[in-house]
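Each remark here refers to the structure printed beneath this line.
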Amino acid sequence: MQAGPRVSIGGKAGVNFSRPTELYPLEGWDFMAIADRETSTRNSFGAGVFTDLAFSERFSLRIGLDYAKEGNKSRADFYQYSSGSRFTLVSFLTENTELSYLRLPVEARFGFQVRESPLRLYAGLGFFAACLLDESYKWTYTMNFAYPSPVFLSETYSNPPRFRQFNAGITGSGGMAYRMERSSLFLECNVSRGLIGVCENFEEMNFETFSIGVMLGVSYRLGK
């Protein structure tokens with residue numbers, strides 16, 4: 001009879017895709033008639049270590065420590081109405097925000113063996129707390145100073161907003177593992193959604209984080 005949970009330790013690494021939940025609206029931000037925004041996903045490296053506490057063949061608890069980058073890259077184009085029912089690009093704004101976090105996720109996990117094979121499928125749901133390790137913010141405003149002729153001049157600024165040092169939210173995962181005698185190789189997808197705005201002093205930039213990670217990893221069971 002098992003006296004306590006089976007303990008496994010492991011690590012994982014992969015790629016993290018992140019983008020903000022919502023950016024501030026552009027309507028009324030400038031004197032231009034129309035504003036369009038395009039936001040791209042930030043791709044970065046992610047890694048982590050963890051401990052699994054297996055209470056049964058189906059249920060376990062995972063406590064981890066992850067490194068992840070959040071943020072966004074966006075461009076906003078501002079147009080002015082000109083003659084002939086045409087709209088001319090008169091300026092555009094590009095932003096690049098990169099926030100590096102150390103996250104502590106805790107997940108309750110449910111899994112099952114695929115018949116008689118060594119494959120195991122699992123899914124988990126939980127929460128995370130995170131502290132900010134590093135930050136980078138730059139924005140460039142480019143304006144057509146010879147409107148309506150296309151002569152653009154740019155200015156780049158790096159004075160960052162004051163970002164919060166703490167974040168928290170919900171996290172979930174799902175994947176499959178190939179089990180060997182005492183170790184397992186796994187491929188999983190992690191989803192994290194921050195519930196706290198990242199900015200302290202600039203409400204219009206106070207977006208919440210959202211990221212999806214695809215990770216490869218290995219775990220090793222301790223004890224008997």
Practice item. Evaluate side chain to side chain contact (heavy atoms under 4.5 Å, CB included) for R58 paired with F112, printing each intermediate quantity in order. Key: CA-CA 6 Å; R58 292 184 178 271; F112 62 91; 3.4 Å; yes

Practice item. Answer yes or no: is there a donor N or O on one side and an acceptor on the other, between the side chain of S183 and the main chain of M180, under 3.5 Å? Key: no

Review point. If every non-hydrogen atom of N16 is compared with every non-hydrogen atom of S211, which pair is closest and at what distance?
Key: ND2-CB, 3.7 Å

Revision key, fill the gap. Value for OH (Y67) from CG (L102), rounded to nearest 0.5 Å, stands at 9.5 Å

Practice item. Go through L99 and D134 one step at a time and tell me if the side chain to side chain contact (heavy atoms under 4.5 Å, CB included) criterion holds. Key: CA-CA 6 Å; L99 306 174; D134 192 23; over 6 Å; no

Point to revise | Test side chain to side chain contact (heavy atoms under 4.5 Å, CB included) applied to L119 and Q113, step by step | key: CA-CA 6 Å; L119 288 179; Q113 204 77 13; over 6 Å; no

**Study point:** Side chain to side chain, L65 and F50, heavy atoms closer than 4.5 Å
**Key:** no

Check your understanding: Can you name the nearest heavy-atom pair linking V218 to F186, along with the distance?
Key -> N-CE2, 3.4 Å

Review point. If you group Ile, Leu, Val, Met, Phe, Trp and Tyr by side-chain heavy-atom gaps below 4.5 Å, do F17 and F210 land in one group?
Key: no

Review point. Once you round to the nearest 0.5 Å, how far does OG1 of T41 lie from CD1 of I212?
Key: 8.5 Å

Exercise for review: Run the salt-bridge test on E208 and R193 with the 4.0 Å N-O cut-off and return the result as yes or no.
Suggested key: yes

**Study point:** Distance-minimising heavy-atom pair for F166 and A129
**Key:** CE1-CB, 4.0 Å

**Study point:** Shortest non-hydrogen contact from R221 toward S8
**Key:** CA-OG, 3.5 Å

Review point. Is there a side-chain contact between T140 and K138 (heavy atoms, below 4.5 Å)?
Key: no

Exercise for review: Carefully, step by step, assess I9 and V49 under the rule side chain to side chain contact (heavy atoms under 4.5 Å, CB included).
Suggested key: CA-CA 8 Å; I9 59 174; V49 293; over 6 Å; no

Check your understanding: Any side-chain heavy atom of T51 within less than 4.5 Å of one from L53?
Key -> yes

Exercise for review: Treat each ILVMFWY residue as a node, draw an edge where side-chain heavy atoms are under 4.5 Å apart, and state whether M215 and Y178 are in one component.
Suggested key: no

Check your understanding: With distance as the sole criterion, is a donor-acceptor pair present between the side chains of S173 and R109 under 3.5 Å?
Key -> yes

Check your understanding: For the atom pair CZ (R62) and CG (D52), what is the distance rounded to the nearest 0.5 Å?
Key -> 4.0 Å

Check your understanding: salt bridge (charged side-chain N to carboxylate O under 4.0 Å, His left out) between E135 and K69: does it pass, once the steps are laid out?
Key -> CA-CA 9 Å; E135 62 188 59; K69 285 187 177 182; over 6 Å; no

Review point. Less than 4.5 Å apart, any side-chain heavy atom of V198 and any of T97?
Key: no

Exercise for review: May I ask you to decide whether E200 forms a salt bridge with R162, counting only side-chain N to carboxylate O separations under 4.0 Å?
Suggested key: yes

Study note, to complete from the structure: Taking every heavy atom of E70 against every heavy atom of S18, the minimum-distance pair comes out as OE1-CB, 3.3 Å

Exercise for review: Evaluate whether atom CZ of F110 has more than 12 neighbouring non-hydrogen atoms of other residues, nucleotides or ligands under 6.0 angstrom away.
Suggested key: yes

**Study point:** Value rounded to 0.5 Å, distance of OG in S100 from CZ in F45
**Key:** 12.0 Å

Check your understanding: Side-chain donor-acceptor pair under 3.5 Å between N96 and E98, yes or no?
Key -> no

Exercise for review: Report yes or no: do Y122 and F55 belong to one cluster of Ile/Leu/Val/Met/Phe/Trp/Tyr joined by side chain heavy-atom distances under 4.5 Å?
Suggested key: no

Point to revise | Closest heavy-atom pair and its distance - G197, R164 | key: O-NH1, 2.6 Å

Exercise for review: Step through the shown structure and confirm whether more than 12 heavy atoms of other residues, nucleotides or ligands are within 6.0 Å of CZ on F127.
Suggested key: no

Exercise for review: Report yes if the side chains of L187 and V214 come closer than 4.5 Å at any heavy-atom pair, otherwise no.
Suggested key: yes

Exercise for review: Measure the shortest side-chain to side-chain distance between Y101 and D66 over non-hydrogen atoms and say whether it is less than 4.5 angstrom.
Suggested key: no

Review point. Do the non-hydrogen side-chain atoms of F163 and L132 ever get within less than 4.5 Å of each other?
Key: yes

Check your understanding: Do T171 and E107 have side chains that get closer than 4.5 Å, going by heavy atoms?
Key -> yes

